[in-house]
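Comments concern the structure below.
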Number of protein chains: 2
Amino acid sequence: MQRVSLKFLAKELGIAEGTVSRALNDYPDISQATRERVKEVAKKFNYKANQNARRLATGVAEAVAYLMPPNTHAISEPFVSQLLEGLGSSLAKRGWDLLVVQASSPETEAETVEKLSSSGKVSGVVISRPYKEDRRIELLKKYNMPFIVHGRSVNSADYAWFDVDGEKAFHDGVGVLADLGHQRIAFIGAPTDYNFGQVRLDGYKRGLASNNLVLDNAIITITDMSDDAGEAATARMLDLPQPPTAILCATDTQAFGALAAIRANGLTPGIEVSVLGYDGLDFGKHTHPPLTTMAQPQSHSGEEICDMLLAIIDGGNPVDYQELRSAILVRRMSVGPPRPQ
Amino acid sequence: MQRVSLKFLAKELGIAEGTVSRALNDYPDISQATRERVKEVAKKFNYKANQNARRLATGVAEAVAYLMPPNTHAISEPFVSQLLEGLGSSLAKRGWDLLVVQASSPETEAETVEKLSSSGKVSGVVISRPYKEDRRIELLKKYNMPFIVHGRSVNSADYAWFDVDGEKAFHDGVGVLADLGHQRIAFIGAPTDYNFGQVRLDGYKRGLASNNLVLDNAIITITDMSDDAGEAATARMLDLPQPPTAILCATDTQAFGALAAIRANGLTPGIEVSVLGYDGLDFGKHTHPPLTTMAQPQSHSGEEICDMLLAIIDGGNPVDYQELRSAILVRRMSVGPPRPQ
DNA sequence: CGCTAGACCGAAAGCGCTTTCGGAATCAAC
DNA sequence: GTTGATTCCGAAAGCGCTTTCGGTCTAGCG
């Protein structure tokens with residue numbers, strides 16, 4: 001199979017290489033006639049420009065990278081999949097590529113970002129779930145690489161981001177529980193070196209204050225975002241002299257574990273102990289009982305993030321691209337009024 | 001920030017560009033001394049080769065693409081995430097890139113494959129969940145692009161693949177149900193234009209035969225792979241004059257829906273009606289009751305698939321890379337003996 | 001001390017495309 | 001019929017790297 005290049009087409013058409021290129025790229029200084037002739041022959045021979053050459057010549061990569069969250073198994077988390085899907089389809093429409101890159105280890109992360117920035121492979125990158133202080137963000141800024149973060153770090157004034165207001169969500173979350181009559185509301189949180197972990201904790205605390213509830217460290221557990229961790233944390237807190245009547249979880253997955261622990265204790269989630277999750281996973285419909293949760297409006301966030309990034313690549317000011325969304329409550333069966341004692 | 005190129009380094013070092021390149025790439029005709037000197041300066045200036053130039057010059061892309069399954073929302077399916085993660089980490093170790101590409105629409109799929117093959121962007125591709133007759137596979141063969149398919153099409157003799165034996169799994173699946181005493185075993189399947197859909201159906205039918213059970217089309221429903229579809233199918237079959245006592249589902253997600261339909265009918269899954277899923281999703285632990293399922297051994301399949309593909313890119317014969325795995329039964333609570341009538 | 005091998009490096013030719021620049025051809029207008 | 005403006009295209013110079021080829025220099029040998 002003869003590799004069909006510009007040169008080949010040019011020879012075939014009897015015109016210059018540069019002319020073929022300009023015709024294909026719709027330059028205005030090419031007559032309608034030759035433009036059509038060129039395109040026709042190109043299609044006939046199924047010509048596809050060599051992307052590497054094109055990128056080298058133009059200096060634009062027409063590709064963006066998604067930097068996987070640092071912890072392992074992150075991609076299996078639904079939010080990553082959702083995001084990737086949105087990015088992918090949005091990019092595909094413009095003919096751009098989506099690179100998904102994983103740092104092989106936390107140590108090589110900086111290296112990875114640097115390589116991404118200097119190697120010309122991509123014209124922009126999106127990262128998610130930043131730490132409070134995130135090295136990647138600093139690096140990206142330093143290298144002047146357009147980027148957008150899905151989430152925020154503590155200091156988010158000078159870059160583009162797309163985030164859901166976790167502080168508000170958790171503040172309001174204790175609100176719904178308190179309104180139901182709960183006085184002793186536990187919190188299962190995520191590691192606070194993640195900014196979202198910190199923020200959700202902050203929201204919880206502020207929610208307590210707003211409802212004149214006392215903060216009790218005994219019913220606050222910071223742990224990782226797995227169902228097993230949620231289960232262990234719940235089991236422990238249920239054994240307390242004064243167990244909580246409701247549990248607020250930083251992630252749905254933790255909440256799944258919480259439900260299991262409650263049942264294992266012979267109690268009924270939603271009746272004896274309420275559980276409120278966060279994420280809005282569809283799976284939550286199928287838990288026992290179905291999980292009440294605060295859903296991230298992530299339906300088209302991938303597309304939106306992509307659009308924002310593209311705008312920045314086109315020269316937009318990152319600061320103009322900061323979007324804050326609100327979570328919305330999905331009422332299912334795991335939250336109810338406290339049982340009268 | 002001065003773009004640091006080979007030329008820049010060469011000038012800095014006072015030696016020729018080509019020499020710098022050869023030093024960096026460990027050519028044997030460079031003295032130990034200059035090699036070290038070059039590498040040191042390269043590191044000092046944080047030199048990263050422009051990948052586009054490199055790829056253009058060498059003709060090798062050092063990247064592979066994952067072609068997303070054609071249906072929408074496919075990426076949210078756990079198997080895709082798992083695969084992507086394995087591919088990504090495996091590739092990262094070698095410094096290769098992972099492209100995830102989505103055809104913007106089914107019509108443009110062929111176009112997408114052709115572009116992938118001709119544009120020099122990648123040196124190999126992996127696709128999953130092929131149709132019985134899959135256009136992409138034909139195209140990939142035609143263009144002589146190294147590839148491996150996750151799954152198989154009907155005619156899988158002449159390319160590389162990695163698959164789980166769905167036929168056997170479903171044959172054995174009706175076996176475990178039959179051994180428990182079930183006589184009326186329903187099947188909720190996936191569209192049979194997907195090869196895996198066909199194969200699972202075939203396995204089910206053969207399982208019926210092996211256990212001297214009659215095949216009744218009334219309790220076979222081919223539908224799509226969502227929980228809602230599973231729920232609807234189950235609801236319908238439960239309303240039959242002779243409802244099934246057990247239901248075999250092509251995917252766990254359908255099984256989740258089946259559980260819901262059974263409960264909605266006032267019955268208890270695992271007691272009155274058994275449900276056996278397929279996929280081995282972790283989330284199945286949290287359904288009500290926990291889902292018994294046949295798990296795909298997908299822990300490191302991404303890595304394995306990557307290794308196989310790389311071997312083919314290195315000139316290996318695709319036919320030598322065909323791996324068939326077996327699903328394993330994960331016993332949870334949704335399967336039990338039929339209730340004596 | 002002259003000569004032949006290596007060892008090491010410089011020069012240059014691409015890789016396949018884009019894009020600028022200028023020249024030829026065409027056309028209108030005087 | 002000449003001029004000036006247009007239109008259209010060819011030529012050529014890169015983009016930043018790799019890789020071949022040949023030349024210089026040193027070392028080793030007789």
Side-chain angles (χ1 to χ4, degrees), chain A residues 1-39 41-42 45-63 95 97 115 117-123, chain B residues 1-39 41-42 45-63 95 97 115 117-123:
Chain A
M1 183 160 294
Q2 156 79 28
R3 180 133 223 91
V4 21
S5 62
L6 261 196
K7 190 187 334 187
F8 174 88
L9 287 188
K11 199 162 297 175
E12 193 72 20
L13 286 154
I15 62 180
E17 222 175 302
T19 305
V20 178
S21 170
R22 292 200 307 277
L24 256 17
N25 293 324
D26 289 322
Y27 271 57
D29 66 341
I30 298 293
S31 71
Q32 181 73 8
T34 55
R35 189 202 316 289
E36 282 172 5
R37 206 161 59 92
V38 167
K39 289 195 174 178
V41 174
F45 286 100
N46 221 310
Y47 170 76
K48 299 279 185 294
N50 179 307
Q51 288 297 319
N52 300 316
R54 171 169 239 275
R55 287 170 179 169
L56 178 58
T58 60
V60 350
E62 298 200 331
D97 290 333
K115 179 146 181 209
S117 307
S118 321
S119 67
K121 286 196 283 206
V122 299
S123 11
Chain B
M1 182 158 295
Q2 155 79 29
R3 179 133 225 93
V4 21
S5 61
L6 261 196
K7 185 178 354 179
F8 175 87
L9 287 189
K11 200 163 294 175
E12 193 73 20
L13 286 153
I15 61 181
E17 223 176 301
T19 306
V20 178
S21 170
R22 292 199 308 277
L24 256 16
N25 292 326
D26 289 322
Y27 271 57
D29 66 341
I30 299 292
S31 70
Q32 181 73 10
T34 55
R35 188 202 316 288
E36 282 172 5
R37 206 161 61 91
V38 168
K39 288 194 173 179
V41 174
F45 286 102
N46 221 312
Y47 170 76
K48 300 278 186 294
N50 179 307
Q51 288 297 321
N52 299 317
R54 173 170 237 275
R55 287 170 179 170
L56 179 57
T58 60
V60 350
E62 299 200 333
D97 290 333
K115 179 147 183 211
S117 308
S118 321
S119 68
K121 287 195 282 206
V122 300
S123 10

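In what follows, chains are A, B, ... by sequence order, proteins preceding strands, each numbered from 1.
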Which nucleotide in the list D:dC9, D:dT18, C:dC8 gets nearest to the side chain of B:Ser31?
C:dC8
Nearest-angstrom distance from the residue atom CD of A:Gln32 to P of D:dT6
21 Å
Under 4.0 angstrom, heavy atoms only, what part of the nucleic acid is A:Gly18 near: base, sugar-phosphate, or nothing?
base
Could you tell me the separation between the CG atom of A:Asn25 and the P atom of C:dT20, rounded to a whole number of Å?
12 Å
On DNA chain C, nearest-nucleotide positions of B:Thr58 versus B:Ile30: which is more 5'?
B:Ile30
Considering just the side-chain nitrogens and oxygens of A:Tyr47, establish if one lies under 4.0 Å of OP1 or OP2 belonging to C:dC17.
yes
For B:Asn50, answer base if it contacts any base atom (sugar-phosphate contacts may also be present), sugar-phosphate if it contacts only those atoms, and nothing otherwise; contact means non-hydrogen atoms under 4.0 Å.
sugar-phosphate
For atom CG of A:Leu24 and atom P of D:dC9, their distance in whole Å
14 Å
Which nucleotide in D:dG10, D:dC17, C:dC17 has an atom nearest any side-chain atom of A:Ile15:
D:dG10
Quick check: on DNA chain C, is the nucleotide nearest A:Ala57 upstream (toward 5') of the one nearest B:Thr34, or the reverse? Name the residue that is more 5'.
B:Thr34
In terms of side-chain heavy atoms of A:Tyr27, which of D:dG10, C:dT19, D:dT19 is nearest?
C:dT19
Rounded to the nearest Å, what distance is computed from the CG atom of residue B:Asp26 to the P atom of nucleotide D:dT18?
12 Å
Among C:dG16, D:dG10, C:dC17, the nucleotide that comes nearest once only the side chain of A:Ala16 is considered:
D:dG10
Classify B:Glu17 by what it touches in the nucleic acid, base, sugar-phosphate, or nothing, heavy-atom distance under 4.0 Å.
base
When you measure from the side chain of B:Leu6, which nucleotide among D:dC15, D:dT18, C:dC9 comes out closest?
D:dT18
Could you state the atom-to-atom distance from CG of B:Leu56 to C1' of C:dT18 in whole Å?
12 Å
State which of D:dC15, C:dT20, C:dA11 makes the closest approach to the side chain of B:Arg22.
C:dA11
Does C:dT19 have OP1 or OP2 under 4.0 Å away from a side-chain N or O of A:Ser21?
no
Measure CD/B:Glu36 against P/C:dC8 and give the value in whole Å, please.
13 Å
Atom CG of B:Asp29 and atom C1' of C:dA11: how far apart are they, to the nearest Å?
14 Å
Kindly indicate whether the side chain of A:Asn52 and the base of C:dC15 share any N or O donor-acceptor pair separated by less than 3.5 Å?
no
